[in-house]
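Nothing here was measured: the structure is a model prediction, and the numbers come from that model. Quick note: numbers below take in every heavy atom, side chains included, and nothing from hydrogens, waters or symmetry partners.
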Amino acid sequence: MQDNKIRTYLKDVVANMPTDWLELTTHRLDIYEENLAKTQFLEHFETLFNTDDARLSSLSALPTAFDYIRLGHPLSCVLEWAVAHLHHQKADNVIVFSSMTIPVMAVLRKNLLIGKNTRIIHKGELPDFFDAEILRYVYGYSFEVKKIAEFEEVSDFDGSTIFIAQQEDICNFEYKPSIATGIDFFINTNARSGSILMVNGEQNESYISEIQHVRRRETIAMTPPDTLFALNHLLGMPSDDTPISNVETNRANVLTAIKEITGTDVTPLVGSSGLSVQYAIMMGLVQDAVEKHPEKAIKIIIPPNCYGGTNDQARRVAACDDRIEVVDLPVDGGQDMVQSIDTLLDKMASEDAIPYIIVEIPTNPRVEVPDLVKLKQALNKERKTKSGEPAIDPVFILDQTFCPNVHFLGEGEILSTTRAIAYVSGSKFPSGGQCTAGYCVANKKSEALMEKIALHLKLCDNGATHHQMETLKKQLPSMLQRIHDAYKNTREFVSFIEDTLPAAKINFVSEALAKDGFTPSVFSLDLPTKGSTEEEKESYKRALNLKLIHLMITKIPHESKFCVSYGQLKGCYWTIPATSTQGTTKEGDKDYIVRVALSPDMNLDLHKKVFLDFVGTLG
């Protein structure tokens with residue numbers, strides 16, 4: 001009876017759901033509490049369910065489940081809730097992934113860190129790209145694999161047992177009390193949708209937060225279109241199960257567009273998100289290092305205040321391998337990136353280590369660009385080990401999400417003579433906020449590394465979905481014009497703020513850098529403060545930050561949003577890096593300033609007016 005009620009209610013939800021649930025990549029942070037992610041949404045959703053309320057207005061009023069669909073979204077939460085209730089589980093115990101292999105890797109990672117055995121059992125075949133040898137050799141995971149015909153063959157095991165099943169109906173688990181005691185994690189996979197993981201038993205609930213964090217950092221949640229497909233299948237409703245036409249044509253168009261935009265010749269790689277691509281880069285380089293120099297240490301050199309996902313993921317990779325160490329790279333707020341890189345590479349050479357450098361250009365949130373000629377010199381500098389042998393040359397990994405139009409890696413460009421790879425978060429300018437897919441490109445000197453990166457993108461099943469590729473095919477052709485128009489709006493707004501509030505400190509590119517092609521549409525704003533002590537000044541400024549943001553989103557709710565977006569098609573986006581993009585950054589390295597991102601399509605005059613009203617309240 002309860003199952004029928006759930007299915008009937010969900011049919012109404014699917015019929016009435018807000019279009020934003022399917023189309024937005026990011027949501028307003030003013031209706032989002034990070035420490036209550038998912039749970040708050042589901043609590044309110046349960047109330048609607050209990051009162052049989054599936055009206056559009058009620059669904060639209062639900063608090064944001066996650067601030068970004070890479071982590072999760074309303075539809076993924078609804079699917080998890082439905083699968084959990086239909087299998088008499090807690091909603092937290094069900095987690096959906098776009099990837100078919102990452103949920104397995106999430107359990108393996110946890111067990112590696114706590115020294116626990118893992119057994120993987122399966123009926124039928126494992127996904128083709130499940131490569132046990134690489135998972136053991138490169139990732140360091142320890143496990144055994146066993147194929148069974150019937151559940152009666154599941155024997156006792158000292159450790160975690162994962163059961164994997166390839167299912168046409170991904171929501172239907174072979175979950176029965178008689179067999180469940182022998183299995184800790186059920187994982188259903190489906191080539192169209194991805195996978196659903198069910199955590200079985202209270203003794204395994206300690207895994208949930210860490211599995212969620214793997215989804216947060218190394219992959220993405222099941223995408224909204226694929227989640228809707230799975231929901232419709234669960235409910236016996238018609239689904240758009242017609243394969244996207246021209247898959248190969250879409251792929252060819254996207255790869256051609258990326259090469260034209262970046263000025264590179266090496267075939268690009270496209271993943272399900274920027275962090276999915278970055279994870280493949282990281283693990284591809286780790287494999288290259290352990291194969292060529294198994295006795296040498298790997299040093300990941302990274303700014304301590306850069307984007308939290310990048311920083312956190314690098315440290316998570318290092319936590320799993322004693323050969324890897326993260327080294328802080330000071331780049332912002334008066335620190336010279338080039339000098340820091342030069343000094344650290346000299347140190348790495350003396351230690352005969354393998355240096356991998358990850359930076360953002362322009363930096364986030366200070367929007368600083370280093371001296372590129374000196375950067376090239378520092379990267380190309382010939383260094384020796386203590387024994388006089390040539391040191392291993394670095395690989396420069398560039399996050400150019402803020403300026404994806406700049407040609408760094410093509411022949412004759414500034415980074416063409418050193419091993420370099422660049423990547424971009426596709427939820428920004430490439431898709432205009434329509435999907436999360438990201439991509440990476442390489443120069444000729446790094447072409448061989450791309451083969452390793454491609455291998456790990458496939459192993460993790462983190463490639464872009466067909467829907468994501470179709471979205472990029474539609475959006476990439478207009479990207480350069482959108483970047484140009486958004487920069488014009490940003491430059492005008494920055495100039496206006498400089499005139500109306502000269503005491504504020506603004507971090508933005510100079511006119512000279514803009515002429516060189518650096519035309520971001522984001523700037524950071526350090527508001528003037530007051531107080532007799534540093535604590536009072538800091539407290540006043542933080543309150544002022546929120547006052548400005550709330551004024552903007554209240555007065556211009558149809559355009560101004562309190563979220564981390566950048567490169568969207570419309571509107572203006574406000575955030576405080578310290579409490580958003582730098583969520584996992586060490587407290588001392590966080591930036592309690594306002595970061596503003598403008599789009600090519602917005603009412604700039606209205607934003608100026610509201611900002612002027614804000615200035616009038618300062619006294």
**Student:** Can Lys5 be said to sit on top of Phe49's aromatic six-ring, NZ or CZ under 6.0 Å from centre and within 45° of the ring axis?
**Tutor:**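 Here Lys5 passes the 6.0 Å and 45° test against Phe49.
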
**Student:** Could you tell me if Ser99 and Asn462 have a donor-acceptor pair between their side chains, going purely by distance under 3.5 Å?
**Tutor:** no

**Student:** Can you name the nearest heavy-atom pair linking Cys440 to Ile453, along with the distance?
**Tutor:**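 Looks like SG-CG2, 4.4 Å.
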
**Student:** Honestly, is Lys110 close enough over Tyr207, meaning NZ or CZ under 6.0 Å from the six-membered ring centre and within 45° of the axis?
**Tutor:** yes

**Student:** Any luck finding a side-chain donor-acceptor pair between Asn204 and Asp184 under 3.5 Å?
**Tutor:**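 Judged by distance alone, the side chains do pair up.
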
**Student:** Between the side chains of Arg315 and Asp321, is the shortest nitrogen-to-carboxylate-oxygen separation below 4.0 Å, so that they form an ion pair?
**Tutor:** no

**Student:** Between Tyr9 and Phe45, is the gap from one ring center to the other below 6.0 Å?
**Tutor:** yes

**Student:** When you measure from the centre of the six-membered ring of Phe66, is the NZ or CZ of Arg215 closer than 6.0 Å and no more than 45° off the axis?
**Tutor:** yes

**Student:** Under 3.5 Å, is there a donor on one side chain and an acceptor on the other for Ser160 and Asn111?
**Tutor:**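 Per modelled atom types, Ser160 and Asn111 side chains form a pair under 3.5 Å.
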
**Student:** Would you verify whether the NZ or CZ of Arg109 falls within 45 degrees of the ring axis of Tyr141 while also being under 6.0 Å from that six-membered ring's centre?
**Tutor:** no

**Student:** Distance alone, cut at 3.5 Å: any donor-acceptor contact between the side chains of Asp312 and His213?
**Tutor:**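 Short answer, yes.
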
**Student:** Considering non-hydrogen atoms only, spot the tightest contact between Gly271 and Leu457 and give its length.
**Tutor:** CA-CD1, 4.2 Å

**Student:** Any donor-acceptor pair under 3.5 Å linking the side chain of Ser58 with the backbone of Ala54?
**Tutor:** no

**Student:** Decide ring-ring contact (aromatic ring centres under 6.0 Å, His included) for His456 and Phe129; before the verdict, give the C-alpha distance in whole Å, the side-chain angles of both, and the deciding distance to 0.1 Å.
**Tutor:** CA-CA 10 Å; His456 287 270; Phe129 38 78; over 10 Å; no

**Student:** Does Arg217 come within less than 4.0 Å of Glu210, counting only side-chain N to carboxylate O?
**Tutor:** no

**Student:** Taking the six-membered ring where the residue is Trp, are the ring centres of Phe130 and His122 under 6.0 Å apart?
**Tutor:**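 For Phe130 and His122, the ring centres are not under 6.0 Å apart.
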
**Student:** Measure centre to centre between the rings of Tyr566 and Phe402, then say whether the value is under 6.0 Å.
**Tutor:** yes

